[in-house]
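Structure first, commentary second.
Chain A is the first sequence line, chain B the second, and so forth, proteins listed ahead of strands; every chain is numbered from 1. In this text the structure is predicted, and so the values were computed from the model without any measurement.
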Amino acid sequence: MRIEYNGEILEFNSPVSGNSPVLELLLTPCVTLYQFICHNRSVFTVDMEFQPIIMAAGPGSRLAELTSKCPKAALLIGNRPMVWYPINMLEKAGFEEAIIIVDMDGQAEIQRVLTESCSVKLHLEYVTVSNTDDGTADVLREIKSKIKTDLLIIPCDLITDISLHNIANLHRTHDASLTMLLSSLPSQFYESVAPGARSKKPLEKDFFGFDEKRERILFTQSEADVAENISVKKSIFKKHPYMCVKSGLTDCHLYLMKKWVVDYLVENESLAYIRTELVPHLVRKQFSKTKVKDRLPQTNQSVISENQKMDILKFSTEDEYAADIRDLSSWNDHHGDMADCYHGDKIRCYGYIQEGGLCLRTNTVSSYSEANRQIQKIFTHTGIETPHLHPSVVLQKKSQVGADCVVAEGTEIGEKVSIKRSVIGRNCKIGDHVQIVNSTLLDNVIVEDGCDIKGSIISRKSVIHQKCEITNCLVGPGQQLNTMGKYKDEMIVYTVDI
Amino acid sequence: MASKSRGKQRGEDIQQEDVFQAVVIADSFNVRFAPITNEKPKSLLPLANIPILDYTLEFLVTAGVQEIFVFCCHLADQIRTHIRQSKWSECSSCTITPVLSESCMSMGDALREIHDKSVIRSDFVLVFGDTVANLRLQDVLQEHKKRLQDKTNPQNKNSVMTMIFQKVPPGHRSRNKEDDIFLAVDQTSNRVLHYQRVREQSKLQIPVDVLADNLDVQLRYDLLDSQISVCSPEVLALFKDNFDYLNRDHFVKGLLDNEDIMEKTIHMCVLNDGYTGRVSNLQMYDTVSRDVICRWSYPLVPDTQTDNQGQIISHNRHNIYTSKDVMLAKGCVLEQNVLVGRGTRIGSNTRITDSVIGKDCKIGSDVVIENAYIWDGVTIEDQCCVDTAVICDNVVVYACTSVGPGCVLSYNVKVGPSVKIEARSRLQAAKDMDDDFGDELTEADQDAVSMINYGSKSQAFLHQPPEDSDDEDNDLVQDMFGLGIQSESSTEASSLSERSSDDEAMLDDEELFYSELLDTFVKAKEDNYNTENLILEINSLKHTYNIAIRDLYGMVMKGLIEIPLRDSQDLEPGAQLANVKKNFVRYKPLILNYIKSEESQLDCLHALEDFALSNKTVSTLLVKLLHILYDADILSEVVLIKWHNMEKEEEYKAIAKQVAPLIKWLEEAEEETSDEELGSD
């Protein structure tokens, strides 16, 4: 039979039915809902393999100064809302629809910003969270009825040029329960001092223990949670005697997850967050065995109350065919002992380590400002073509705008202005003799003549009066900075009422 | 310019001309092989009919070592004589110098002695005299030297030792509990970050600093420590400076722990090809012998090695090695992996498999020998059965005797006829001479016992391992020989149960916490913690598992009751109670630390209530327990009465009824005291 797919024609020797795993394997990764035209012109659909969910309801607590009046997902990076970057990634991977989880208050703003600044082809289904205190796992529990297949969970603050199919392939190869994206962050993203802060915060390290091939995650532990020693069961070492522990990795909060995990979440309500609770739980559960029933209760031992909760292993059902194929195949994931593939573990967690390339999370003030500074690099990596000066920008004579900057539409720049490594938002007005270096100016900012702005973030509708000197500051929305003011390492967020 | 570069080259030449030296420690400073090693040093014991030391020396000479110092301690004369008579005495490429010192008690002492002699001039190889290996040492040496010349990385430059490991995954027969090691290594530089012996721990502890300071760390549990190390001469000086270093483990630990101060580092390398094995105990003797027979250690195999008498051995199919003048009677079967030494006669219908038989032995007819190591001049009469045993020189096993698994028959022992030697007996021909202090048995008695146990013609006495052995895992290792498979399966079983037990615990932090708490109590008892430390430990546990303080009160109390009950579960209730009481007295400061307020007392009572419901012993003892706690001023009568008067659910009613008499008594007592107080007013 023949299948026409995106203009390409795929030939199969044997007839293929609608949901055949063969078809899924052959198709380009991350196919969502596609129509296939067979040679007999009948149309049939294939269920999507992964259902993308964009988590955009986060309050942005580490960006609190910026998110007080604007939802985190709608914050602009290079004049595009943060959430647009994961959307763009999904579009490029071939997805046609996605669920986006938003805050009740933030939905309108996000929708407005998205339509205003860029065209989104992806069909977004907005789901609002009812309770703002809900964790990420709680959200999954809430939208259970909408979940039809395995999940692809993306945070709104992830900017990466990784091809999703690399992660998907790892997930498929091992028929994993959970696959996560881990990245060795380039050092400047966490080493730079955040605007408004005097010193950098110490970075909390996470430890990830991998198997010999550096794929399967055997344990996770956060440096903050342990005092002196990390203890790992010997039984795990017996299965994986060669373990690699990496400490320089950041969890990008991008997960591929089996559908049963959501079913389990519904049953086990104690897990509220994906990263801090669900993932460590699943990683630990990899090595649990179904209980031996005929163990005699010992008279003198305290009888632990019979567990009412359903065993996680009852949820983790594998595809029958996949299990059969694995049994018949001589392939094994490990060597060194005679055990079955995966040692019979039904739950398997994997981590895809991205080396090189671009991968960053704009979840802190420092990474947010750093992302803006490196915006042209991000654009090249993610394949976005934007002129660094919008055609509508008015640039007076003797002004210079570096090629590493982005200036959005409607902005007017005065005479003898120098702008380097900076992002200027829409409809800003920049006076004469202004210097802007390493800074981010959001929309509608007015900078009067003779100002000097270094390493700072200026939020919307702020007005910087003449000859201000601002170094490494964070200026909140709608602020008025006095003439001749000098500011260094300051958070200028709240207006002082007169 | 030209002259300068030539000069430099010449300098390199001089460096190249460094003599490659090795130090062989021909003593293991333990009694794993007792009683055999009472008469012969371990390094001279035959392995596949060749003294073990010869393998080590052959390995070193082949690897290009030019100067070897053999450090002999126990029965040093024998080793010296052996070296003098061996083929290496006139070896041109290599000089072998025995260093004798009978007073050394440890490897550390030996190295200090060698340091004093100042014979080591450059990087050297440190091995034990019981090593069988065919590694390319030169590569490791070059790697080590390259590291020292690396000016850019001080950690490389300060390296003093390169340890050699071999990849041996868990479950491999070369693994034994004694050499179960676990180490953390930096991925890029192969620097050793953490090194520990695993022993019986069910959880491995990895220091956080090790993981936090290095981006990429390998945790290896699949390595066998060959105990071969390439060392810088500084190693000797370090041993000299730190006289508490008794062995290499101490040295490694000392260096790793004090890395900041000493600024010395240790590196490692894993050899993927090549073979190493150390005859560290009987189990390893078995393993290494088999590896030699199965030719893993090629070229160190029986048919390539000739002793000084020019013994020629032929290698046939199924790894059957026979000397030229072996007499095999009709119908005798050598199945596989068998080595038979010169001048040995084997009777008809005898079946031998996986065994080594020495020179001039006489094996009768209808004998079954499996997995046995029979040395020289041994006589085994008809219809005997030897399974997994070591039989030393000149032993006689009379007819119809069966030698069980794990037996060791030392020199000149005679056993039989028609007896069954119990598994894992270690027999010697002479009686134990020492420690006759408390021995009730007279010599005649011993003889009689021997006759009964080991046959009418026997001359055999059970070897008593010295009890004051300072090796903590002595027994553990001795038990291993001959029982390899069983012990493996039992560990498997225990790990299974461990897994299922933590399965339950994992769902619930409280249960996990409780089991840790119990462990802490047990540990506290063993190690004699003082109360403050114990409280600290418990508090830190509480934080780890995020336990509410109110739950903690109950669990501490429950734990203090459960531990003594668990230890004395077969005893009478009265004795159990006494144990619990003793525990309360012991931990009273601890209890008082937690259970102070009225509220905490109530929490504790509720926990006891729940505990009594789930545990029959506790429920029968509950009244007594409460009484003890009351007497110890841990629970006040006010709280007890309050607790009793509280509204209760159905299931607790029985308990309430049970404790009613006590409460009544308390109430009366209180009334009395208040009456008294009134009266005094």
Side-chain angles (χ1 to χ4, degrees), chain A residues 184 205 207-210 212 214 218-219 221 223 225-249 268 270 281 284-285 287-292 295 298-309 311-313 334-339, chain B residues 167-172 180 182 184 187 198 201-223 491-492 495-508 511 514 540 543-544 558 562 565-566 568-570 610-611 613-618:
Chain A
S184 37
K205 282 182 176 169
F207 302 123
F208 291 95
F210 289 93
E212 197 173 342
R214 281 141 214 271
L218 305 173
F219 75 84
Q221 187 76 264
E223 192 183 4
D225 290 348
V226 280
E228 239 174 71
N229 290 321
I230 292 180
S231 63
V232 179
K233 286 218 182 58
K234 199 153 102 182
S235 51
I236 300 180
F237 272 104
K238 278 194 177 148
K239 289 178 182 175
H240 302 277
Y242 184 161
M243 213 184 267
C244 305
V245 181
K246 291 188 171 247
S247 54
L249 295 178
N268 189 346
S270 63
H281 185 76
R284 263 186 295 161
K285 281 289 174 191
F287 304 102
S288 64
K289 284 260 149 76
T290 32
K291 274 179 228 166
V292 190
R295 270 201 322 158
Q298 285 169 11
T299 45
N300 249 346
Q301 208 175 7
S302 74
V303 180
I304 299 162
S305 57
E306 201 47 55
N307 227 316
Q308 298 300 315
K309 283 178 203 156
D311 194 13
I312 189 169
L313 291 163
H334 65 279
H335 54 83
D337 59 22
M338 305 292 281
Chain B
K167 194 168 173 178
V168 173
H172 193 280
D180 219 10
F182 166 68
Q187 172 75 28
V198 176
Q201 297 155 345
S202 66
K203 281 181 178 175
L204 300 178
Q205 307 285 335
I206 310 141
V208 173
D209 316 345
V210 163
L211 300 182
D213 298 347
N214 302 280
L215 282 182
D216 208 338
V217 180
Q218 299 175 13
L219 302 181
R220 304 292 298 254
Y221 185 56
D222 59 345
L223 296 180
T491 56
E492 192 57 35
S495 64
L496 261 179
S497 67
E498 162 208 323
R499 241 174 271 151
S500 54
S501 72
D502 59 41
D503 212 16
E504 290 160 358
M506 246 178 219
L507 283 168
D508 205 337
E511 282 152 22
Y514 184 61
S540 69
H543 288 297
T544 317
K558 199 170 141 187
E562 185 164 348
L565 283 186
R566 207 165 58 175
S568 59
Q569 46 182 289
D570 309 324
D610 288 335
F611 192 29
L613 275 186
S614 60
N615 190 318
K616 230 172 129 191
T617 330
V618 176

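- Contacts between His240(A) and chain B at a heavy-atom distance below 4.5 Å are absent for every atom of the residue.
- Listed by chain and number, the residues in a salt bridge (Lys or Arg N to Asp or Glu O under 4.0 Å) with Asp216(B) are Arg214(A), Lys246(A) (sequence neighbours excluded).
- Residue Val198(B) touches chain A through its side chain alone, counting heavy-atom pairs closer than 4.5 Å.
- Your options are Val168(B), Leu223(B), Asp222(B), and the one with the most heavy-atom pairs under 4.5 Å with chain A is Asp222(B).
- Of the atoms belonging to Gln187(B), it is side-chain heavy atoms, and not backbone ones, that fall under 4.5 Å from chain A.
- Side-chain contact, Ser270(A) with Asn268(A): a donor N or O sits under 3.5 Å from an acceptor N or O.
- Among residues two or more places apart in sequence or in another chain, the ring pair (Phe, Tyr, Trp, His ring centres under 6.0 Å) test is passed with Phe207(A) by none.
- Here Glu212(A) does not pair with Lys239(A) in a salt bridge; the nearest charged N to carboxylate O distance is not below 4.0 Å.
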